[in-house]
Student: 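Below is the structure I would like to discuss, written out as structure tokens.
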Amino acid sequence: MWRLIPALFLLSLFSSASQAEEVLKDEWKGKAFTIEDSRCYVGIAKVFLSVSELKKEDGYLVGDYTLNVPLIKSKSDFGRIKLPVKNTFDELRENGGVLIGKAYSRLVEGKINKIVCEIIPNEDQSIRLAITTDKRTINFVSRYTIIEESPVSDES
């Protein structure tokens with residue numbers, strides 16, 4: 001709660017919501033989450049999940065995903081993940097949270113699956129991803145890493 005007060009004070013200094021959004025957008029600049037590749041089983045079939053860096057764009061954490069099902073190639077998929085995020089970067093890093101969004105297939109036009117991403121900030125920095133298709137929910141457990149670019153100095 002105490003971390004929220006400075007952010008609210010800062011937001012109250014701006015005359016419009018768009019100015020406040022710009023401040024929060026800058027707070028995410030150069031920061032992202034990376035997720036280690038993971039796998040699970042659906043019946044006897046292994047399912048592999050790869051996710052690119054998740055970066056904030058227009059109020060969403062956005063990245064690309066690939067689902068690979070070697071036993072049944074027709075079930076493999078790839079596309080774009082969009083997770084709405086209202087938290088600051090520091091809030092997610094320190095407290096974690098649950099983000100509920102969508103996975104947009106690029107393989108099958110119009111196919112959209114629900115995705116739930118639970119960020120668990122402990123010493124292992126674990127993450128749970130649940131992708132719900134029209135037939136089942138596939139649960140992955142992995143680890144994440146935080147990427148923070150260091151500020152570039154203008155001094156020569």
Side-chain angles (χ1 to χ4, degrees), residues 4 7 11 16-152:
L4 187 59
L11 294 176
S16 72
S18 63
Q19 287 176 321
E21 179 62 30
E22 283 300 314
V23 169
L24 290 177
K25 186 170 142 182
D26 287 344
E27 192 265 340
W28 277 85
K29 189 172 184 175
K31 299 174 183 175
F33 288 89
T34 60
I35 299 172
E36 291 180 7
D37 292 350
S38 60
R39 71 173 183 214
C40 71
Y41 286 89
V42 175
I44 62 167
K46 281 185 190 178
V47 181
F48 296 91
L49 174 67
S50 294
V51 178
S52 69
E53 286 183 359
L54 293 174
K55 296 181 179 182
K56 189 168 182 191
E57 295 176 11
D58 300 323
Y60 293 89
L61 277 182
V62 178
D64 294 321
Y65 72 91
T66 302
L67 278 173
N68 184 14
V69 187
L71 188 61
I72 311 168
K73 293 282 189 193
S74 64
K75 299 294 182 182
S76 295
D77 192 18
F78 65 94
R80 192 93 164 144
I81 294 173
K82 290 181 77 175
L83 299 162
V85 63
K86 296 189 187 290
N87 310 63
T88 67
F89 183 81
D90 288 336
E91 287 171 342
L92 275 180
R93 177 177 55 199
E94 294 172 18
N95 305 322
V98 177
L99 306 174
I100 301 171
K102 296 180 181 176
Y104 298 87
S105 176
R106 289 189 176 138
L107 188 62
V108 180
E109 188 175 334
K111 181 179 174 188
I112 302 170
N113 294 316
K114 178 181 175 183
I115 184 165
V116 177
C117 174
E118 182 180 4
I119 299 169
I120 307 164
N122 54 28
E123 54 210 37
D124 292 334
Q125 291 184 302
S126 58
I127 191 164
R128 294 184 195 142
L129 294 161
I131 301 171
T132 302
T133 68
D134 53 347
K135 294 188 180 190
R136 67 185 48 89
T137 298
I138 308 168
N139 295 295
F140 296 91
V141 177
S142 188
R143 294 183 48 172
Y144 69 91
T145 304
I146 295 171
I147 296 174
E148 293 185 75
E149 294 176 3
S150 56
V152 178

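Please read all numbers here as calculations on a predicted model, not as lab measurements.
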Student: Run through K29, R80, K82 and flag the one making a salt bridge (charged side-chain N to carboxylate O under 4.0 Å, His left out) with E57.
Tutor: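 The option that passes is R80.
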Student: Does CZ belonging to R128 count more than 12 external heavy atoms closer than 6.0 Å?
Tutor: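 Atom CZ in R128 is not crowded, with 12 or fewer foreign heavy atoms closer than 6.0 Å.
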Student: To the nearest 0.5 Å, how far apart are CD1 in I115 and CG in L99?
Tutor: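 Spacing of CD1 (I115) from CG (L99) equals 10.0 Å.
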Student: Mind checking the CG-CD1 spacing from L92 to I146? Nearest 0.5 Å is all I need.
Tutor: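 CD1 of I146 is found 8.5 Å from CG of L92.
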Student: Taking atom CG of N113 and atom NZ of K102, what is their separation to the nearest 0.5 Å?
Tutor: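 Rounded to the nearest 0.5 Å, the CG-NZ separation comes out at 11.0 Å.
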Student: Does F33 have any ring-ring contact (aromatic ring centres under 6.0 Å, His included) partners at least two apart in sequence or in another chain, and if so, which?
Tutor: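 Applying ring-ring contact (aromatic ring centres under 6.0 Å, His included) to F33 gives F89, Y144.
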Student: Run the side chain to side chain contact (heavy atoms under 4.5 Å, CB included) test on K75 and V42 for me, step by step, so that the C-alpha distance in whole Å, both residues' side-chain angles and the decisive distance to 0.1 Å come before the verdict.
Tutor: CA-CA 11 Å; K75 299 294 182 182; V42 175; over 6 Å; no
Student: Given side chain to side chain contact (heavy atoms under 4.5 Å, CB included), test L71 with K46 step by step and report yes or no.
Tutor: CA-CA 7 Å; L71 188 61; K46 281 185 190 178; over 6 Å; no
Student: Counting only heavy atoms not in Y60, do more than 12 fall under 6.0 Å of its OH?
Tutor: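 No, OH of Y60 has 12 or fewer neighbouring heavy atoms, counting only those of other groups under 6.0 Å.
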Student: Evaluate the side-chain proximity of C117 to I127: yes if any heavy-atom separation is below 4.5 Å, no if none is.
Tutor: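 Yes, their side chains come closer than 4.5 Å.
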Student: Please find the pair of heavy atoms, one from G96 and one from P121, that lie closest to each other, and give the distance.
Tutor: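 G96 and P121 have their closest heavy atoms at N-CG, 3.3 Å.
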Student: Distance from T88 atom OG1 to E94 atom CD, nearest 0.5 Å?
Tutor: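 These two atoms lie 8.0 Å from each other.
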Student: Going from CD1 on I131 to CD1 on I81, what distance comes out if it is rounded to the nearest 0.5 angstrom?
Tutor: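 The CD1 atom of I81 is 6.0 Å from CD1 of I131, to the nearest 0.5 Å.
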Student: Please confirm whether the backbone N or O of I35 pairs with a side-chain atom of S142, one donor and one acceptor, at under 3.5 Å?
Tutor: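 No; judged by distance alone, with no hydrogens or angles, the pair does not exist.
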Student: Using 0.5 Å steps for rounding, measure from the CG atom of D90 to the NZ atom of K31.
Tutor: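 Between atom CG of D90 and atom NZ of K31 there are 5.5 Å.
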Student: Quick one: does any side-chain atom of R143 pair with a main-chain N or O of D124 as donor and acceptor, under 3.5 Å?
Tutor: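 Pair found, side chain donor or acceptor close to backbone of D124.
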Student: Under the side-chain hydrogen bond (donor to acceptor under 3.5 Å, both in side chains) rule, collect the residues that match up with S50, sequence neighbours excluded.
Tutor: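 If we apply the side-chain hydrogen bond (donor to acceptor under 3.5 Å, both in side chains) test to S50, skipping adjacent residues, the hits are D37.
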Student: Donor-acceptor pair, distance only, cut-off 3.5 Å: does the side chain of S105 make one with the backbone of G79?
Tutor: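 The answer is no, because no donor-acceptor pair under 3.5 Å joins these two groups.
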Student: For K114, look at atom NZ and say whether over 12 heavy atoms of other residues, nucleotides or ligands are found less than 6.0 Å away.
Tutor: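 Atom NZ in K114 is not crowded, with 12 or fewer foreign heavy atoms closer than 6.0 Å.
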Student: For a quick test of reading the model, state the closest non-hydrogen atom pair linking N139 to C40 and the distance between them.
Tutor: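 Here N139 and C40 meet closest at O-CB, 3.3 Å.
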Student: Can you name the nearest heavy-atom pair linking R106 to D77, along with the distance?
Tutor: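 In terms of heavy atoms, the two residues are closest at N-OD1, 4.5 Å.
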Student: Check the pair T137, T132 against side chain to side chain contact (heavy atoms under 4.5 Å, CB included), reporting the backbone distance first and the verdict last.
Tutor: CA-CA 4 Å; T137 298; T132 302; 3.1 Å; yes
Student: Might you point out which heavy atoms bring K56 and L61 nearest each other, and give the distance in Å?
Tutor: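 Closest approach of K56 to L61, heavy atoms only: N-CD2, 3.8 Å.
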Student: Restricting to non-hydrogen atoms, name the atom on V69 and the atom on S76 that form the minimum distance, rounded to 0.1 Å.
Tutor: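 Scanning both residues, the minimum pair turns out to be N-OG, 2.9 Å.
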